[in-house]
Amino acid sequence: MKIATYNVNGINGRLTVLLRWLKEDRPDIVCLQELKTVDERFPRKELRRVGYEAVWHGQKSWNGVAILAKGTLPLLTRRGLPGDPDDTHSRYIEAVVDGLLIGCLYLPNGNPAPGPKFDYKLRWFQRLQAYAAELLELEVPALLIGDYNVMPTDLDVYAPERWRDDALFRPEVRAAYAELVGQGWVDAVRHLYPEERIYTFWKYWRNSFERDAGLRIDHVLLSPAVAPCLRSASVRRRPRGWEHTSDHAPLMVELDLPKAAGQ
DNA sequence: ATGCCGGGTGATACCCGA
């Protein structure tokens with residue numbers, strides 16, 4: 001079972017890239033972020049043509065998340081993160097696929113910090129922590145996957161000193177991520193590669209990708225019920241080198257699930 | 001070593017992302 005997360009940076013503008021990558025890697029489940037489109041313009045037909053069913057939560061111009069599943073319709077369990085009825089951003093969608101509870105999230109960027117956007121980011125993180133704790137209590141195989149907009153440690157930044165005051169790296173945000181993981185979640189990439197520099201994002205300018213001046217901000221967190229099934233994790237760097245591509249690369253994990261999972 | 005690049009909106013300059 002291959003599960004991936006990919007911040008596409010505009011699903012319609014990057015559809016060629018997305019479809020090409022889906023054909024190459026054939027993930028079973030995909031969490032997408034930054035759709036940047038209203039629900040009506042989600043490319044359902046084009047995805048179906050290459051074998052994927054989908055649920056999505058769009059928004060005009062910004063944000064937007066979706067879950068794709070190969071050959072099966074994800075069973076939608078939630079649209080929007082609980083805890084604030086006034087939150088209008090489309091940043092969370094959740095579905096069950098093959099007995100796995102998949103939470104797909106796009107955590108706020110939070111810049112500039114300090115400021116109202118940074119406050120929103122911290123509040124959103126608190127809501128995520130509260131909800132993640134509820135998921136753990138269910139003791140089901142669950143995954144919280146997406147663009148967290150957090151580099152958890154110095155190892156996750158090409159030049160930590162330059163990012164100290166950034167909203168993606170401030171101590172409050174790293175502490176929030178550590179606290180979330182501390183609930184009992186397993187950061188798939190760090191678990192398998194405790195000391196390697198692994199990035200999922202590179203800026204468009206200054207040849208960041210070619211210089212490998214990147215950040216690790218996309219993460220796959222596994223609940224204790226599914227963590228023992230983790231077999232591999234890898235950043236799919238190839239699509240990042242294509243024309244008109246996203247500034248993120250897909251991150252993919254492979255699970256070796258027992259046949260009885262979810263039944 | 002900085003939104004320097006890049007998309008969306010809607011019409012041209014600003015908002016947003018990281």
Side-chain angles (χ1 to χ4, degrees), chain A residues 5-19 21 31-43 56-66 87-92 104-125 128 145-174 176-177 189 197-219 235 237 239-251:
Chain A
T5 180
Y6 188 17
N7 179 322
V8 284
N9 190 14
I11 192 168
N12 287 313
R14 318 278 189 202
L15 192 57
T16 308
V17 168
L18 175 62
L19 296 176
W21 167 66
C31 293
L32 297 176
Q33 302 87 31
E34 279 206 86
L35 303 181
K36 293 186 174 179
T37 184
V38 290
D39 285 339
E40 294 72 25
R41 290 195 190 160
F42 184 85
W56 58 93
H57 185 26
Q59 180 183 332
K60 189 182 178 185
S61 305
W62 315 116
N63 310 318
V65 284
D87 184 3
T88 56
H89 293 197
S90 297
R91 296 183 177 275
Y92 187 82
C104 169
L105 64 103
Y106 175 46
L107 211 132
N109 174 304
N111 275 307
K117 291 186 176 181
F118 190 63
D119 296 340
Y120 172 63
K121 178 176 196 165
L122 295 179
R123 285 201 311 274
W124 209 94
F125 225 137
L128 179 62
I145 305 172
D147 179 355
Y148 280 73
N149 270 319
V150 182
M151 296 86 86
T153 72
D154 282 8
L155 191 55
D156 304 306
V157 194
Y158 68 97
E161 295 313 320
R162 289 184 207 170
W163 289 84
R164 289 286 173 221
D165 294 326
D166 192 276
L168 281 70
F169 201 47
R170 301 233 335 177
E172 306 95 308
V173 178
R174 282 184 283 139
Y177 185 82
V189 165
R197 293 203 164 270
I198 296 172
Y199 305 131
T200 64
F201 167 90
W202 301 261
K203 288 186 261 195
Y204 283 120
W205 18 278
R206 294 188 75 81
N207 288 318
S208 298
F209 185 55
E210 290 74 10
R211 294 184 296 122
D212 201 26
L215 309 173
R216 189 174 76 97
I217 55 178
D218 300 276
H219 306 298
V235 176
R237 295 173 66 107
R240 183 61 181 79
W242 295 342
E243 292 285 312
H244 307 299
T245 196
S246 169
D247 38 9
H248 294 246
L251 167 64

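The figures here come from the full heavy-atom set of this structure, side chains too, leaving out hydrogens, waters and symmetry mates. Owing to the predicted nature of the structure, the values given are computational and were not obtained by experimental measurement.
By the salt bridge (Lys or Arg N to Asp or Glu O under 4.0 Å) test, A/Asp154 pairs with A/Arg164, sequence neighbours left out. Residues satisfying the side-chain contact (heavy atoms from CB on, under 4.5 Å) criterion with A/Ser246, sequence neighbours excluded, are A/Tyr6, A/Asn7, A/Asn9, A/His248. With sequence neighbours left out, A/Ala66 forms a side-chain contact (heavy atoms from CB on, under 4.5 Å) with A/Leu32, A/Leu35, A/Phe42, A/Trp56. For A/Asp87, the salt bridge (Lys or Arg N to Asp or Glu O under 4.0 Å) partners at least two apart in sequence or on another chain are A/Arg127. With sequence neighbours excluded, no residue forms a side-chain hydrogen bond (donor to acceptor under 3.5 Å, both in side chains) with A/Tyr148.
Look at the C1' atom in both B/dA1 and B/dC14: the space between them is 24 Å, to the nearest Å. Nucleotides B/dA13 and B/dG3 are separated by 16 Å at their C1' atoms, to the nearest Å.
Residue A/Asn207 is out of contact with every strand shown, counting any heavy-atom pair closer than 4.0 Å. Note on A/Asn12: nothing from the nucleic acid sits closer than 4.0 angstrom, heavy atoms only. A/Tyr106 comes within 4.0 angstrom of the backbone, heavy atoms only, and of no base. Counting non-hydrogen atoms under 4.0 angstrom, A/Asp247 reaches nothing in the nucleic acid.
The nearest whole Å value for the distance from the CG atom in A/Asp165 to the P atom in B/dA1 is 14 Å. Here the C1' atom of nucleotide B/dG17 and the CG atom of A/Leu168 are 10 Å apart, to the nearest Å. The distance from atom CD of A/Gln33 to atom C1' of B/dG7 is 17 Å, rounded to the nearest whole Å. In this structure, A/Leu107 atom CG and B/dG17 atom C1' are separated by 14 Å, rounded to whole Å. Here the P atom of nucleotide B/dT9 and the NZ atom of A/Lys60 are 7 Å apart, to the nearest Å. In this structure, A/Asn63 places its CG atom 13 Å from C1' of B/dG7, rounding to the nearest Å. Distance CD (A/Glu34) to P (B/dG6): 15 Å, rounded to an integer number of Å. To the nearest angstrom, C1' of B/dG6 lies 13 Å from CG of A/Asn7.
Side-chain atoms of A/Ser61 lie closest to B/dG8 of the nucleotides B/dG8, B/dG6, B/dG3. Comparing B/dG6, B/dT2, B/dT9 by their closest approach to the side chain of A/Arg14 singles out B/dG6.
Of the possible donor and acceptor atoms, one in the side chain of A/Arg197 sits under 3.5 Å from a partner among the backbone N and O of A/Val157.
If you find the closest nucleotide of DNA chain B to A/Arg162 and to A/Arg206, the one lying nearer the 5' end belongs to A/Arg162. Positionally, the nearest nucleotide of DNA chain B for A/Ile11 lies more toward the 5' end than for the other of A/Asp166 and A/Ile11.
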Nucleotide N/O of nucleotides 14-16 of chain B paired with protein N/O under 3.5 Å:
residue : atom : partner  : partner atom : Å
B/dC16  : OP2  : A/Lys117 : NZ           : 3.4

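Under the 4.5 Å side-chain criterion, counting only non-hydrogen atoms from C-beta, A/Tyr177 is in contact with A/His219.
A/Gln33 pairs with exactly one of A/Asn63, A/Asp147, A/Asn149, A/Thr5 by the side chain to side chain donor-acceptor pair (under 3.5 Å) rule, that one being A/Thr5.
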